[in-house]
Trainee: 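Pasting in a structure now, in structure tokens, and then I'll have a few things to ask.
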Number of protein chains: 2
Amino acid sequence: MERDITPPATTLPADAPRMSRPQIAAAAIKDWVVERGMRPGDRLPGEAELMAHFGMAKGTIREALRVLEAQGLIRTRTGPGGGAFVNEVSEARARALLGNYFYFQEIGVGDIYALRHALEPVLVAQLAGTLPEERIVLLEEVMTAYETPPETIEESERQRMAELDFHALLASFSPNPLLRFQCRFLIGLLKDITICRRIYRRRIPGFRAAGRDYQSRLIQALRAGDGGAARAIMRAHMTAAQKIMEEQESVVLRQFLSETDAR
Amino acid sequence: MERDITPPATTLPADAPRMSRPQIAAAAIKDWVVERGMRPGDRLPGEAELMAHFGMAKGTIREALRVLEAQGLIRTRTGPGGGAFVNEVSEARARALLGNYFYFQEIGVGDIYALRHALEPVLVAQLAGTLPEERIVLLEEVMTAYETPPETIEESERQRMAELDFHALLASFSPNPLLRFQCRFLIGLLKDITICRRIYRRRIPGFRAAGRDYQSRLIQALRAGDGGAARAIMRAHMTAAQKIMEEQESVVLRQFLSETDAR
DNA sequence: AGATATTTGTTCGTATGTATT
DNA sequence: TAATACATACGAACAAATATC
């Protein structure tokens, strides 16, 4: 079967009215690779060949290769048999690249939870009854990280991170690459956002116990293959979590503002 | 208020065990920018200064700048007062970069619609009653593109693209950056995927009329501020569209396979 | 309009590092 | 160990773009 997606343009439409030579070279090399239907691991021509083929100097070609490398599309190795190789973009790199975009956007906790609330119930509904036992065991192992109440603030933060890991692991089991990536990206965002970090350091009575309770019931539903129940459990959990996070967001925000005002 | 998100790491964890000098420089420059809280439009030191600061040759520094440029984080201009400037990553670039990741994933029409089905009803529910009249008019203008039945296959394809534009425009009105981006990304994917292109060339009786009908009712609900109705309408439409697309996918796929078998 | 200064863009030649054989 | 093949890095020179006077 041929490729699913048409060559994703390196050349951005209105973004780049006049491209520099390295950009032209990067686009040309990319097209060249796509045309040939090259797959991850395949070797590109060496620098010398590329120089000859495109009529550009070494420096220009090297800059072009760096562009492709930054996008995660190739990797390079030195030495004999070395060179540039087609590379499958890793999930981690895709997350980092997309994170750069949202770095400049104003996103609140509510924005993230709006998507989690819409997506994660669908995720677990699809997953119910399809997970092999060893994967469910993996989930249960993550849960042991917050079996007992946290002693310190650091412990509390660690437990909250582990709770996010539970959801990330769950998402990684989805056969839908889009759903998988999107859920994991949102969770990654929660881990990175400073205001969430502050929230995770706060003590919220009953939160941990409630979290464990719903996760146990979720796993039970997943084992039983009851998609409807799994969806309902996740939906309820997301509603509750969203409410708490938004409350805490305003508390922390007020706290933060009064701190800075005092200064 | 300080930045929302912690410095997105250029340095990828396990991805890059030994970094090259340009990568080191790129990461250092990025950190330098983040530390200073520089905003889009701010100017970075010139190549000469960077060379001196990092003790690297011009070519190396330039490769580092290309890396940042490829990620959409800076843009450069020549001439006096020129140089590298912090750049807000554009939505188009973010879409292209993320598209590279999914280029290597096996995604089907069903995967995309699973997410659209989960997200777009939420989108319109949030939008209901908040859209100024001029934006609703914009939506209606897009709808004129498929007022009349298509005469040719090209016309049919154009109309289907316009119908996707309707949804993309709708999504662009969301105040939630994540929801906005995600919906628009999914729609962009539908436009790019070859199998969808094939489907869009096919004649599906009643599809256009049904689409227009639901869109009219949707706009009515949006004007009335009836979020529940808007959500229900969108949900029904997504269910129907998903069903049709998946049916057509299997038809087109069979067709394609028999064609290639014959060869 | 044109000259000039500033800054990035591109090239070439050479030397070094690194992994394979 | 040595030879080889490749990327990596440096430095100097020149070209092109663009703002300012």
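Just so it is clear: chains get the letters A, B, ... in the order the sequence lines come, proteins before strands, and each one is counted from 1.
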Trainee: In whole angstrom, what separates M51(B)'s CE from dT7(C)'s C1'?
Mentor: 13 Å
Trainee: Grab the CG-P distance between L50(A) and dT11(C) for me, whole Å please.
Mentor: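 Taking atom P of dT11(C) as the reference, CG of L50(A) is at 14 Å.
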Trainee: Can you tell me the distance, in whole Å, between the CG atom of L65(B) and the C1' atom of dG9(C)?
Mentor: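 It is 12 Å, rounded to the nearest whole Å.
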Trainee: Mind jotting down which residue pairs meet the salt bridge (charged side-chain N to carboxylate O under 4.0 Å, His left out) criterion with at least one end in residues 70-91 of chain B? Sequence neighbours excluded, please.
Mentor: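 Counting only pairs at least two positions apart or across chains, the salt bridge (charged side-chain N to carboxylate O under 4.0 Å, His left out) contacts touching residues 70-91 of chain B are E91(B)-R95(B), E91(B)-R184(B).
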Trainee: Can you run down the salt bridge (charged side-chain N to carboxylate O under 4.0 Å, His left out) pairs that involve residues 165-180 of chain B, sequence neighbours left out, and say none if there aren't any?
Mentor: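 The answer is D165(B)-K191(B).
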Trainee: Compute the angle between the rotation axes at the two ends of the helix from dG2(C)-dC21(D) to dT21(C)-dA2(D), each taken over five pairs, rounded to 10 degrees.
Mentor: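 Axis angle across the helix from dG2(C)-dC21(D) to dT21(C)-dA2(D), nearest 10°: 10°.
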Trainee: With a 4.0 Å limit, can you tell me whether R21(A) has a side-chain N or O closer than that to the phosphate oxygens OP1/OP2 of dT11(C)?
Mentor: yes
Trainee: Output the rounded distance in Å from CD (E47(A)) to C1' (dT11(C)).
Mentor: 14 Å
Trainee: Measure the distance from CZ on R62(B) to P on dG11(D) and round it to the nearest whole Å.
Mentor: 16 Å
Trainee: Any donor-acceptor pair under 3.5 Å linking the side chain of N87(B) with the backbone of V89(B)?
Mentor: no
Trainee: G46(B) near the nucleic acid: base, sugar-phosphate alone, or nothing, with a heavy-atom cut-off under 4.0 Å?
Mentor: sugar-phosphate
Trainee: For dT8(C) and S20(A) - does any side-chain N or O of the residue sit under 4.0 Å from the phosphate oxygens OP1/OP2?
Mentor: no
Trainee: Quick one: salt bridge (Lys or Arg N to Asp or Glu O under 4.0 Å) partners of R160(A), sequence neighbours excluded?
Mentor: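 Counting only residues at least two positions away or on another chain, R160(A) forms no salt bridge (Lys or Arg N to Asp or Glu O under 4.0 Å).
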Trainee: Check every strand shown and say whether R75(B) touches a base, only sugar-phosphate, or nothing at a heavy-atom separation below 4.0 Å.
Mentor: nothing
Trainee: Please state how far atom NZ in K58(B) lies from atom C1' in dT7(C), giving the value in whole angstrom units.
Mentor: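 Taking atom C1' of dT7(C) as the reference, NZ of K58(B) is at 8 Å.
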Trainee: Might you point out which heavy atoms bring A26(A) and L68(A) nearest each other, and give the distance in Å?
Mentor: O-CD2, 3.8 Å
Trainee: Protein-nucleotides 16-20 of chain C N/O pairs closer than 3.5 Å?
Mentor:
{"residue": "dA19(C)", "atom": "OP1", "partner": "R18(B)", "partner atom": "NH2", "Å": "3.4"}

Trainee: Please report, rounded to the nearest Å, how far the P atom of dA9(D) is from the CD1 atom of I61(A).
Mentor: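 Roughly 17 Å, once rounded to whole Å.
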Trainee: More 5' along DNA chain C: R66(B) or R43(B), using each one's nearest nucleotide?
Mentor: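 So the residue in question is R43(B).
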Trainee: Do the ring centers of F166(B) and Y146(B) come within less than 6.0 Å of each other?
Mentor: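 They do not qualify: ring centres at least 6.0 Å apart.
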Trainee: Is a donor on one side and an acceptor on the other found under 3.5 Å between the side chain of D192(B) and the backbone of L189(B)?
Mentor: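 Answer holds: no.
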Trainee: Atom CE of M56(A) to atom C1' of dA15(D): distance rounded to whole Å?
Mentor: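 So the two atoms are 15 Å apart, to the nearest Å.
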Trainee: Any side-chain to backbone donor/acceptor pair from D111(B) onto G108(B)? Under 3.5 Å, distance only.
Mentor: yes
Trainee: Go through the structure and list residues passing salt bridge (Lys or Arg N to Asp or Glu O under 4.0 Å) with E157(A), not counting sequence neighbours.
Mentor: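 Partners of E157(A) under the salt bridge (Lys or Arg N to Asp or Glu O under 4.0 Å) test: R197(A), R201(A).
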